[in-house]
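Chain identifiers are assigned alphabetically (A, B, ...) following the order of the sequence lines, protein sequences preceding nucleic acid strands; residue numbering begins at 1 within each chain.
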2 protein chains.
Amino acid sequence: MPVGNSRLEQVRDGLLTDLLEGAAPAGSKLPNEQLLAERFQVSRATVREAVGALVEGGYLVRRHGSGTYVTSLPTRQHALDATLSYTRMIREAGMRPGLRVLSQQTRPATEEESAELNLSPGEALREVERIRTADDRPVVYSLDRISEVLLTDVPAPALTTPLYELLASVGSPVRTATAVLTPVIANARLAKLLGVSRGAPLQRIEETDYSEVGAPVMRSSEWHVPGIFELRVNRRS
Amino acid sequence: MPVGNSRLEQVRDGLLTDLLEGAAPAGSKLPNEQLLAERFQVSRATVREAVGALVEGGYLVRRHGSGTYVTSLPTRQHALDATLSYTRMIREAGMRPGLRVLSQQTRPATEEESAELNLSPGEALREVERIRTADDRPVVYSLDRISEVLLTDVPAPALTTPLYELLASVGSPVRTATAVLTPVIANARLAKLLGVSRGAPLQRIEETDYSEVGAPVMRSSEWHVPGIFELRVNRRS
DNA sequence: GAGTGGTCTAGACCACCGT
DNA sequence: CGGTGGTCTAGACCACTCC
């Protein structure tokens, strides 16, 4: 059982335990906030914060004037919007993730790359070409580009470590990203690299990754083989 | 200028105005919470709530012990994860959205549909087949299925109104959804319906929509023509 | 050590829901 | 109408960052 340090975490985890162990089944109504405050020996403000976190996570709904209720289905944790790690998604699908670096080079940024990464035109960037595997079968071909400025202390052939870890280690951890998904047809090269037929459908993802202050730090182009692991998105109004 | 009723909204909108009008440029540090409280004549708790909302929206970052800072890029508002409305996305892309109903029928649910919509096997559901257009050009072909039980008061031919509005009007407004995206190849029928070539890539989306209490209310299968409006996803760690 | 955000309290009043 | 969540206050102490 998770036990946090702060009272907020204690209340949140206490409520979560009720939910997971069936003490508060789907559709049931929680005790009111005053009662919860007494039960956990905290103020009502603290209860509200804990309940708010569970509402945010999709476990509870508040209805003004009526009460707080338990929902039936929590949000999926390994969706595209909820994690940045394909490694995690592949593992979640019950497969063994792997990574193979095809090439890496330093070259001037194109105009589009300069705009996306907020660089001066022609400024140097590091590009890595990789194949991601699941149970040794190729599933993603990717081209990742990072500004050379961020990597001054990183030797050229060092991009074999996971890029998110690398970026975190140089002080630019990735927190958010925006990705555009487009279906495409495999050309001869992609077909060969990914082990599919020419003309087979692939999921193309163009993504820009941002640091915690919102500065763009990496631009990725990816081609995914469909049907191996799910690309799921949690949506909300 | 948006002016809310609650003090919380007044503070939030006040800060947002600073951000949008450039009074607080990207990377700059906000005054501390005590000062903001004095400026807006509210308590620090209220300031924290307003700032929290802007952090949630991606406009600000808090750094414990250091300060609150303005980020460079706000989260995209019309991404797949942030809205359920394709109408809105199409309009955002500068085009005129349209909708054409091809057919509707009531029939028993398949096994998969029963599982997804939490019905008894073979229970009746209403199915609608539609084409969505942007500037009169077909962009999405969709099959939507809703349990007949939810629609007892709705006459059979009435599914021409937007389905989200219809569901809200019968007391089951959609709040969240989970969608799986897969690239596919257009077959002869889809190619004809969507005005593309056979063999062209299409984005397939299988989606389940949930009410505010987490009960599944609609299951949709969609085929999107790529390149008309963007399918973007905001991601976070 | 000074300044910042993070947590927490005890109490108040309001807005909405249902009977 | 009573009960619920929604908003708000004034003040306190803690944890962290950075000089």
Between [atom2] on [N] and [atom1] on [X], what's the gap in Å once rounded to a whole number?
X     : N      : atom1 : atom2 : result
A:Q34 : D:dG5  : CD    : C1'   : 12 Å
B:L30 : C:dG5  : CG    : C1'   : 12 Å
B:Q41 : D:dC8  : CD    : P     : 14 Å
A:F40 : C:dC8  : CZ    : C1'   : 16 Å
A:E38 : C:dC8  : CD    : P     : 18 Å
B:L36 : C:dG3  : CG    : C1'   : 15 Å
B:E49 : D:dT7  : CD    : C1'   : 7 Å
B:R62 : D:dA15 : CZ    : P     : 18 Å

(request) Show your reasoning for whether ring-ring contact (aromatic ring centres under 6.0 Å, His included) applies to A:F229 and A:H78. (result) CA-CA 11 Å; A:F229 65 96; A:H78 301 89; over 10 Å; no

(request) Kindly indicate whether a cation-pi arrangement holds for B:R63 with B:Y69, taking the cut-offs as under 6.0 Å to the six-membered ring centre and within 45° of the axis. (result) yes

(request) Quickly, which of B:V51, B:L54, B:T46, B:T17 forms a side chain to side chain contact (heavy atoms under 4.5 Å, CB included) with B:R12? Name it, please. (result)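 That would be B:L54; it is the only one of B:V51, B:L54, B:T46, B:T17 passing the side chain to side chain contact (heavy atoms under 4.5 Å, CB included) with B:R12.
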
(request) Return the 5'-most residue of the pair A:S66, A:A45 with respect to DNA chain D, ranking by each residue's nearest nucleotide. (result) A:S66

(message) I'd like to know if A:R44 reaches the base of D:dG6 with its side chain such that a donor and an acceptor end up less than 3.5 angstrom apart.
(response) yes

(request) Would you name the heavy atoms of A:G14 and A:R39 that are closest together and state the gap between them? (result)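 Heavy atoms only, the tightest pair is O-NH2, 4.4 Å.
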
(message) I need the minimum non-hydrogen distance between B:Y59 and B:L19, along with the two atoms involved.
(response) CB-CD1, 3.7 Å

Proximal nucleotide (of [options]) relative to the [X] side chain:
X     : options               : result
B:H64 : C:dC13, C:dG6, D:dA10 : C:dG6
B:T46 : D:dT4, D:dT9, C:dT9   : D:dT9
B:S6  : D:dG5, D:dT7, C:dT7   : D:dT7

(message) Under 4.0 Å, counting only non-hydrogen atoms across every strand here, what does A:R7 touch: a base, just sugar-phosphate, or nothing?
(response) sugar-phosphate

(request) Scan A:R48 against the nucleic acid and name what it touches under 4.0 Å (heavy atoms): base, sugar-phosphate only, or nothing. (result) base

(message) With a 4.0 Å cutoff (strictly under), does any side-chain N or O of A:N32 reach OP1 or OP2 of D:dT4?
(response)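 Yes, A:N32 has a side-chain N/O under 4.0 Å of OP1/OP2 on D:dT4.
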
(request) Look at the side-chain N and O atoms of B:T68 and state whether any lies under 4.0 Å from the OP1 or OP2 oxygen of C:dG5. (result) yes

